[in-house]
Amino acid sequence: MIPLLKKIVPFGFRLARPNILFWTLPAMMILILFGTIAQKTIGTFTAQQEYFSSFFVLIGGILPFPGGATLLTIFFVNLLAKFLLRSEWSWAKAGTNLSHFGVILLVFGALLTALASREGYLLIPQGTSRNMVEDYHAKQMVIRKDGLPLLVVATQDLANGQKFNIQGTNLALTISTYCENCDLVWTDGSAKLTAAEPNPQDEKNRTGISFTLSGSASHDGPYLTFDKAPQPPVFEENGHSFQIALERETQELPFSIELKKFEQKLHPGTDMAKSYSSDVIVHDATGSWPATISMNQPLRYRGYTFYQSSFDLSDKTPATVLAVVQNRGRIFPYLASALIALGLLFHISLRLKRSLP
């Protein structure tokens, strides 16, 4: 296997040289330093996306620097090449090699998590069932015709002056103002969106657009809408209903969760929550079964993890808010740790065996 690898990858020994790791580790330290400092101004999520989950970043908006995904890839390739081409393949080194392979799996899991993990939330009123996860951060403009999506555009692709022709009609939508975080200001009895400083907590930003509708005899004029707007603009044209809304991106679960009971416990003499939990029923194609999700007891099922994140008691019917994480690399830290521990124990046992008379 090793001679074949040397022929297939003639530069393999170059990839396995330790000086690659020597330069990669300081670069990681620099990235972690500036990425951590940036969290104060741009927030944890944005810093994570720009510094640690990207292949390229401009530090301070000026200095080009490899992102976390690039550095982890280099780190992983270097470790893998060294493991395959420079390891001593003997029984005496079996424990060491097993531990090294565990480290490689750990780095691969970190890279997979950085590139493929998804986070969102599930809002479930008591007595109802939900299976649509809303993203904390990704938002989109949706134009619906008779309740069905006609056009979907990610908000990061929107810009002032942008024009969209609504398919099958003479209608056109021209964006007057787009703001990542908007203040809603009332002037002379009418509402207006003004740009505000982005909130470091990205999920609290109220993204919005002001737009002008043209091509309709009775509905031409200015409109506005924003994330979580209670009544997005709706109008009738040629016997069809059109709605223009800003929404968070959604992901459909392959199963649904029903909230049977939400329970909140308060600190004595206060209205401050001490703990809260949700008694739920998971409905899948294979059947249904109960579970309890509390602050320190998440639910893991089919690659998803559900955490008790928050609650909503503003309505007559209580609702639970579950944070939903889909992390395809979740198993790797456990597997890697087991291999590292097993390799160390095996290495120690071989050393002790050789030292015994």
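Position 1 is the first residue of the sequence; numbering continues from there.
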pair K163-L173: side-chain heavy atoms closer than 4.5 Å: no
Quick one: do T128 and E258 satisfy side chain to side chain donor-acceptor pair (under 3.5 Å)? Show the steps, please. CA-CA 6 Å; T128 63; E258 178 185 356; over 6 Å; no
Gap between atom OG1 of T155 and atom CD of Q140 - 0.5 Å precision: 8.5 Å
Before giving the answer on side chain to side chain donor-acceptor pair (under 3.5 Å), spell out for S288 and H283 the whole-Å C-alpha distance, their side-chain angles and the decisive distance to 0.1 Å. CA-CA 4 Å; S288 302; H283 298 284; 2.7 Å; yes
Between the main-chain N or O of T207 and the side-chain N or O of N205, is there a donor-acceptor pair closer than 3.5 Å? no
Should the pair F242 and F235 be assigned to parallel (<30°), tilted (30 to 60°) or perpendicular (>60°) ring geometry? parallel
Ionic contact status for R206 with E180, cut-off 4.0 Å: no
pair R17-R86: side-chain heavy atoms closer than 4.5 Å: yes
Is V103 reachable from M28 through a run of hydrophobic residues whose side-chain heavy atoms are each under 4.5 Å from the next? yes
Identify the two heavy atoms, one from T24 and one from F75, that lie closest to each other, and give their separation to 0.1 Å. CG2-CB, 4.3 Å
Applying side chain to side chain donor-acceptor pair (under 3.5 Å), run through D220 and S214 and close with a yes or a no. CA-CA 5 Å; D220 285 1; S214 58; 5.7 Å; no
With a 3.5 Å distance limit and no angle check, can you tell me whether S278 reaches the backbone of V280 through a side-chain donor-acceptor pair? no
Parallel, tilted or perpendicular: ring planes of Y121 versus Y136, cut at 30 and 60 degrees: tilted
Do I209 and L246 make a side-chain contact, defined as non-hydrogen atoms from C-beta onward lying under 4.5 Å apart? yes
For N296, look at atom CG and say whether over 12 heavy atoms of other residues, nucleotides or ligands are found less than 6.0 Å away. no
Please determine, by modelled atom types, if D146 and S241 share a side-chain donor-acceptor pair under 3.5 angstrom. no
Between the side chain of T70 and the main-chain N/O of F55, is any donor-acceptor distance below 3.5 Å? yes
How about F65 and F34: do any of their side-chain heavy atoms sit closer than 4.5 Å? no
Any side-chain heavy-atom pair from V325 and Y307 closer than 4.5 angstrom? yes
In this structure, CZ of F101 is separated from CG of L80 (nearest 0.5 Å) by 8.5 Å
Flag the pair I143 / V153 as yes when at least one side-chain heavy-atom distance between them is below 4.5 Å, and no otherwise. no
If we ignore hydrogens and angles and just use 3.5 Å, is the side chain of Q243 paired with the main-chain N or O of A245 as donor and acceptor? no
List the steps, then state whether side chain to side chain contact (heavy atoms under 4.5 Å, CB included) holds for T305 with R330. CA-CA 10 Å; T305 304; R330 182 177 65 88; 4.1 Å; yes
Find out if a path of hydrophobic residues (ILVMFWY) with successive side-chain heavy-atom gaps under 4.5 Å connects I32 to L21. yes
Side chains of V133 and Y304, heavy atoms from C-beta outward: is any pair under 4.5 Å? no
Counting only heavy atoms not in D183, do more than 12 sit closer than 6.0 Å to its CG atom? yes
Least distance between heavy atoms, E88 atom then K93 atom: O-CB, 3.3 Å
Measure the acute angle between the ring planes of F262 and F311, then classify it against the limits of 30° and 60° as parallel, tilted or perpendicular. tilted
Could you check whether atom CZ of R328 has more than 12 heavy atoms from other residues, nucleotides or ligands sitting under 6.0 Å from it? no
Are any side-chain N or O atoms of S99 and backbone N or O atoms of L344, one a donor and one an acceptor, separated by less than 3.5 Å? yes
State whether the side chain of T73 and the backbone N or O of A69 hold a donor-acceptor pair below 3.5 Å, judged by distance alone. yes
So if I apply the side-chain contact (heavy atoms from CB on, under 4.5 Å) rule between S176 and each of T212, L224, N160, which one comes out positive? T212
CG on L72 to CG on L111, rounded to 0.5 Å: 5.5 Å
Roughly how far, to the nearest 0.5 Å, is NZ of K145 from CD of E237? 11.0 Å
Flag yes if L193 and L213 sit in one hydrophobic cluster, no otherwise; membership is Ile, Leu, Val, Met, Phe, Trp, Tyr, and two members link when side-chain heavy atoms are under 4.5 Å apart. no
Say whether, by atom type as modelled, one donor and one acceptor occur between the side chain of Q297 and the main chain of S294 under 3.5 angstrom. no
M295 reachable from I257 in the ILVMFWY side-chain graph, under 4.5 Å edges: yes
Between V142 and L151, does a side chain to side chain contact (heavy atoms under 4.5 Å, CB included) hold up when you go through it step by step? CA-CA 6 Å; V142 182; L151 177 67; over 6 Å; no
Kindly compute the distance separating CG (L339) from CZ (F346), expressed to the nearest 0.5 Å. 13.5 Å
Do side-chain atoms of S309 reach the backbone of L322 as a donor and acceptor pair under 3.5 angstrom? no
Would you find a donor on one side and an acceptor on the other, under 3.5 Å apart, between the side chain of S87 and the backbone of L84? no
Distance in Å, E50 CD paired with I59 CD1, rounded so as to fall on 0.5 Å steps: 11.5 Å
When you look at T177 and S210, which way does the side chain to side chain donor-acceptor pair (under 3.5 Å) test go after all the steps? CA-CA 5 Å; T177 303; S210 299; 4.5 Å; no
Would you confirm whether S54, through its side chain, and F56, through its main-chain N or O, come within 3.5 Å as a donor-acceptor pair? yes
Please determine whether side chain to side chain contact (heavy atoms under 4.5 Å, CB included) holds for the pair E197 and N181, giving the CA-CA distance in whole Å, both sets of side-chain angles, and the decisive distance to 0.1 Å. CA-CA 7 Å; E197 286 293 325; N181 188 29; 5.9 Å; no
Which atom names give the shortest non-hydrogen contact between G102 and A336, and what distance separates them? O-CB, 3.1 Å
SB check K228 E134 (cutoff 4.0 Å): yes
Considering non-hydrogen atoms only, spot the tightest contact between N165 and A172 and give its length. OD1-CB, 3.6 Å
Min side-chain heavy-atom separation F306-L253 under 4.5 Å: yes
Could you pull out the closest heavy-atom pair between Q39 and A47, with the gap in Å? CG-CB, 3.5 Å
Should V57 and L31 be marked as a side chain to side chain contact (heavy atoms under 4.5 Å, CB included) after you check the CA-CA gap, both sets of side-chain angles, and the distance that decides it? CA-CA 9 Å; V57 64; L31 186 71; 4.0 Å; yes
Is the closest side-chain donor-acceptor distance between Q251 and Q326 under 3.5 Å? yes
Centres of the F332 and F108 rings: under 6.0 Å? yes
Pair D284 + R302: basic N to acidic O under 4.0 Å: yes
Ignoring hydrogens, what is the shortest heavy-atom contact between W289 and A291? Give both atom names and the distance. CZ3-CB, 3.8 Å
Between I104 and I20, is there shared hydrophobic-cluster membership here, with clusters defined by ILVMFWY side-chain heavy atoms closer than 4.5 Å? no
